[in-house]
Amino acid sequence: MTNHTPRVFSGIKPSGGLTLGNYLGAIKRFVDMQAQDFETIYCVVDLHAITVWQDPKELTDATREVAAGFLASGIDPSQSILFNQSQVPAHAELAWLFNCVARVGWMNRMTQFKDKAGKNAEQSSLGLYAYPSLMAADILLYHATHVPVGEDQKQHVELTRDIAAKFNHDFKAEGFFPQPEPIIEGPATRVMNLRDGTKKMSKSGESDMERINMTDDADKIAKKFKKAKTDPEPLPETLDGLKDRPEAKNLVDIYAGLSGLTNEQVITEYAGAGWGKFKPALADLAVEKLAPISEEMSRLMNDKAEIDRILGEGADKAEAIAQPILDQAYDITGFLRSRTR
Ligand code: AQP
């Protein structure tokens, strides 16, 4: 088995404004991993965004805004490679090879496709169905070994491992693609919808009241937490008391994720507290943590040329790693390659 350099890859779709779910489940972890002994590669995955309709007039700025969210949260382009996916065509090219490795039966098991396509599967884009194969290409194109993601993406990273193993086996290229590890850490790996604690908080959810956007101001944050669905019971004395109380558990998880405390510590601090006490404390904490990030995001969005420059330079650095790996994958596949470049 080849020894692969410890390398992190992860991405976020520019399919709407960033949410507190994206922040706690992904971006905050990206920043933590940047401080460790990894090469870190972070991507605004615009090819994934168009698996559902995106207005071209909005997509460009949505891409910049996700990049601004990364930068404002602490991703440093001198330490991490930051770029948007469509500027490195190798992603789409490797995805095609993987479309021919992955099996239809594997794709049929993907719960995210079922959730997103809903009853309208026949009308969904073919891209939405093949999304996990592009995600596998994103990760394996860099021989990434670690993939920080929220809980909802675990199944896709597992599929990436299956695709890597099948490619290596079918082409007798043992160890060529690594087996990447999903890194799902922290107390808020699945932040739930504020109006329905059984559904995930999403950028593209129907109502703005169901999510906290990273750019929401203090009044909006306070209003959304105040109106967040809960049950009539106060907070319990122990974590066990949150069982079967999805909305209450979600607010405790969010508090823990933002404060850096564990869920147990939050419960100990607020044991017996009513929502009239806990919700304003949570809103204050969210404003304290998000306001500096959202201020920096709007400052960055006033200098779009600078964001574009960072993404362009990042794409050059990403391509320098990706292209030789794609070339090897083409050679392994047996493609005739006689062009002189
Ligand atoms: N609610 C969440 N809790 C924890 N982590 C989350 N992530 C997304 N929502 C939550 C994590 O954020 C990363 C980027 O996700 P994405 O934007 O590429 O795709 P997604 O998971 O489909 O996110 P959304 O917000 O639900 O987007 P839409 O509504 O456009 O489909 C991933 O690591 C994800 O786990």
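Counting convention: from 1, in listed order, for ligands and their atoms alike.
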Ligand 1 to [X] polar contact by distance, N or O atoms, under 3.5 Å:
X	value
Ala188	no
Gly205	no
Val45	no
Ser10	no

For ligand 1, which atoms, with element, lie under 4.0 Å from some heavy atom of [X]?
X	value
Gly25	4 (C), 5 (N)
Ser202	24 (P), 25 (O), 26 (O), 29 (O)
Val149	33 (O)
Gly11	14 (C)
Ala26	12 (O), 13 (C), 33 (O)

For [atom], what's the nearest protein heavy atom and its distance?
atom	answer
atom 31 (O) of ligand 1	Lys116 NZ, 2.4 Å
atom 33 (O) of ligand 1	Gly150 N, 3.2 Å
atom 23 (O) of ligand 1	Lys200 NZ, 3.5 Å
atom 32 (C) of ligand 1	Gln153 CG, 3.8 Å
atom 5 (N) of ligand 1	Gly21 O, 3.2 Å
atom 18 (O) of ligand 1	Lys13 N, 3.2 Å
atom 16 (P) of ligand 1	Lys203 NZ, 3.6 Å
atom 35 (O) of ligand 1	Asp152 OD1, 2.4 Å

Could you go step by step and tell me if Lys220 and Asp217 meet the salt bridge (charged side-chain N to carboxylate O under 4.0 Å, His left out) rule? CA-CA 5 Å; Lys220 256 201 181 151; Asp217 61 23; over 6 Å; no
Sub-4.5 Å side-chain heavy-atom contact between Thr51 and Ser125: yes
Do Leu134 and Gln85 have side-chain heavy atoms sitting under 4.5 Å apart?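 A side-chain contact under 4.5 Å exists here.
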Test item: Gln34 side-chain N/O and Asp76 main-chain N/O as donor-acceptor pair under 3.5 Å: yes
Please check if the side chain of Thr262 supplies one atom and the backbone of Gln265 the other of a donor-acceptor pair under 3.5 Å.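 Present.
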With Lys200, which of Asp115, Asp152, Asn193, Thr19 fulfils side-chain hydrogen bond (donor to acceptor under 3.5 Å, both in side chains)?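 Only one option passes, and that is Asp152.
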Is [Y] paired with [X] through a side-chain N to carboxylate O contact shorter than 4.0 Å?
X	Y	value
Lys249	Asp253	yes
Asp162	Arg103	no
Asp196	Lys229	no
Glu158	Lys154	yes

Within reach of ligand 1, part of [X] (heavy-atom separation under 4.0 Å):
X	answer
His48	neither
Thr189	backbone
Arg190	backbone
Ser204	both
Gln112	side chain

Parallel, tilted or perpendicular: which one describes the rings of Phe167 and Phe171, with boundaries at 30° and 60°?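 The rings of Phe167 and Phe171 sit tilted, inter-plane angle from 30° to 60°.
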What are the two closest heavy atoms between Ala283 and Ile221, and how far apart are they? O-CG2, 4.0 Å
Pair Gln87-Asn84, side-chain donor/acceptor within less than 3.5 Å: yes
